[in-house]
Visitor: 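One structure follows; several queries about it will come next.
Remember, it's a predicted structure, so these values are computed and weren't measured experimentally. Residue numbers begin at 1 in each chain, while the letters A, B, ... track the order of the sequences.
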Amino acid sequence: MYRLKPKIFDLNYTLDCGQVFRWERDGDWWTGVFGDYVVRISQDDGKLIVDSKLSPKFFVNYFRLDDDLLSIYKSMNKDLLINKAIMKYRGLRLIRQDPWECLISYMLATASNIPMIQKRINLLSYFFGQEIEEGYFSFPDPQTLANADLSVLGKCKLGFRTERIKDTARKVCSGELDLDALSRLEYRYSRDRLMRLRGIGEKVADCVLLFGFEEMESFPVDTHIRQIIQQHHIYNKFFKNYSSLSKMGDWGREYFGPYCGYAQQYLFYQRRQSIRKSVYF
DNA sequence: AGCCAGGCGGTCA
DNA sequence: TGACCGCATGGC
């Protein structure tokens, strides 16, 4: 157990905003799994309280505490709506996720809601991962998924995503898809490479690149971002009545600049929070 | 019952 | 290119 004193960081926003799926909140404490480690973490008066064998250095990297948030805010603060999100969710940071886990996670996210995505990932880990601690399982490695028995895989509720996952696992295993090489490519090239896989279109590729491969210029356009753009005049004035998601992505990258990935996540979280509230109150 | 959820791939004009 | 549909699954 040790403490960290990050400068501008909000643990709850960062883990709750929907970018990552394997963290569970219980009161003040979050529990998650990274690799073969179970992590418990909490924040009190700005200070992080960490219960984990992973080093402070790991968390500085994982939570992108090396990002200069203030200059990022400055570069992406283009209008009143994003400004509101920046003020409200100050300290939300993008996370450096494990590329392989991130790839599979977002392939499982198509046409689903977040609880369902979490459920699938937990089932996959339960059936194909290693038990690290009572009730906590590591995320399965490529080889295990590549060789996964279809009858067991069927229990994971992946639906039409099942074959896509197996296929991707096979390609990572065989080296046909080289994740290390992918991380060295420029955004456009790594995106095209990912999109050659069955089950990966622009949105999934952008999420994987943003959260797993540090491509901050990635601007995933999902159903929420599309609706935000359509419903707010500050954004929809840039488009005709109907515009493709692809064009919205190009626009977002241009409009919000080199850290548009951050802007995307702030807008996404702001909308989801407003929906949550309207459901419960 | 029908629509939606961090979509994608195919088809048809 | 744009519009539509089917694809599993579960919640409302």
Visitor: Using the six-membered ring wherever Trp is involved, compare the ring planes of A/Phe219 and A/Phe256 and label them parallel, tilted or perpendicular (cut-offs 30° and 60°).
Guide: parallel
Visitor: Which whole-number value in Å describes the distance from A/Arg161 CZ to C/dG6 C1'?
Guide: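 That distance rounds to 13 Å.
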Visitor: Step through the shown structure and confirm whether more than 12 heavy atoms of other residues, nucleotides or ligands are within 6.0 Å of CD on A/Glu186.
Guide: no
Visitor: Tell me what A/Phe211 touches on the nucleic acid: a base, only sugar-phosphate, or nothing, going by heavy atoms under 4.0 Å.
Guide: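 Answer is base: heavy atoms of A/Phe211 come under 4.0 Å of a base.
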Visitor: Tell me the interatomic distance from A/Gln227, atom CD, to B/dC3, atom C1', rounded to whole angstroms.
Guide: 12 Å
Visitor: Using a strict threshold of under 4.0 Å (side-chain N to carboxylate O), is an ion pair present between A/Asp167 and A/Lys171?
Guide: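 Yes.
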Visitor: C/dA8, C/dG10, C/dG2: which one has an atom nearest the side-chain heavy atoms of A/Phe160?
Guide: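 Taking heavy atoms from C-beta onward, the closest nucleotide is C/dA8.
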Visitor: Would you mind classifying the nucleic acid contact of A/Leu197 as base, sugar-phosphate or nothing, using non-hydrogen atoms under 4.0 angstrom?
Guide: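 Contact class for A/Leu197: sugar-phosphate only.
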Visitor: Without decimals, in angstroms, what is the distance between A/Asp222 CG and B/dC4 P?
Guide: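 Interatomic distance, CG of A/Asp222 to P of B/dC4: 15 Å.
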Visitor: Between A/Leu123 (CG) and C/dT9 (P), how many Å, whole number?
Guide: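 Nearest whole value for this atom pair: 12 Å.
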Visitor: Check this for me: A/Leu80, atom CG, are more than 12 non-hydrogen atoms of other residues, nucleotides or ligands nearer than 6.0 Å?
Guide: no
Visitor: Ignoring backbone atoms, establish whether A/Lys157 has a side-chain N or O less than 4.0 Å from OP1 or OP2 of C/dG10.
Guide: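 For C/dG10, OP1/OP2 do have a side-chain N/O of A/Lys157 under 4.0 Å.
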Visitor: Is A/Gln19 touching bases, backbone alone, or none of the nucleic acid, heavy atoms closer than 4.0 Å?
Guide: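 Contact class for A/Gln19: base.
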Visitor: Give a yes/no on whether any side-chain N or O of A/Ser112 is located under 4.0 angstrom from OP1 or OP2 of C/dT9.
Guide: no
Visitor: Regarding A/Gly18, tell me which of base, sugar-phosphate or nothing describes its non-hydrogen contacts under 4.0 Å with the strands shown.
Guide: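 It contacts base atoms.
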Visitor: Calculate the interatomic distance between A/Glu163 atom CD and B/dC8 atom P; express it in whole Å.
Guide: 19 Å
Visitor: From C-beta outward on A/Ala111, which listed nucleotide comes closest to its side chain: C/dA8, C/dG2, B/dC8?
Guide: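 Per side-chain heavy atoms of A/Ala111, the pick is C/dA8.
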Visitor: Using the C1' atom in both, what is the distance from B/dA5 to C/dG2, to the nearest Å?
Guide: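 Going atom to atom, C1' in each nucleotide, I get 23 Å.
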Visitor: For A/Asn113 and for A/Met195, locate the closest nucleotide of DNA chain B by heavy-atom distance; then report the residue assigned to the nucleotide nearer the 5' terminus.
Guide: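 Counting from the 5' end, the first nearest nucleotide belongs to A/Asn113.
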Visitor: For the side chain of A/Arg198, counting heavy atoms from C-beta on, which of C/dG2, B/dG7, B/dG10 is nearest?
Guide: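 Within the option list, the nearest is B/dG10.
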Visitor: Among the clusters formed by ILVMFWY side chains lying less than 4.5 Å apart, do A/Ile234 and A/Val221 turn up in the same one?
Guide: yes
Visitor: Which whole-number value in Å describes the distance from A/Arg164 CZ to B/dG7 P?
Guide: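 One finds 12 Å between P of B/dG7 and CZ of A/Arg164, rounded.
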Visitor: With sugar-phosphate meaning primed atoms plus P, OP1 and OP2, does A/Thr162 contact a base, only sugar-phosphate, or nothing at under 4.0 Å between heavy atoms?
Guide: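 It contacts nothing in the nucleic acid.
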Visitor: Please give, in whole Å, the distance from C/dT9 C1' to A/Leu158 CG?
Guide: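 Checked: the CG to C1' distance equals 10 Å.
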Visitor: If you measure only the distance, is there a donor-acceptor pair under 3.5 Å linking the side chains of A/Asp141 and A/Trp100?
Guide: no
Visitor: Nearest whole Å is fine: how far is B/dA5 P from A/Ile121 CD1?
Guide: 19 Å
Visitor: Of all the nucleotides listed (C/dA8, C/dT9, B/dC8), which has the minimum atom distance to the side chain of A/Met116?
Guide: C/dT9
Visitor: Taking only the side-chain nitrogens and oxygens of A/Lys247, find out if one of them lies under 4.0 Å from OP1 or OP2 of C/dG2.
Guide: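 Yes, within the criterion.
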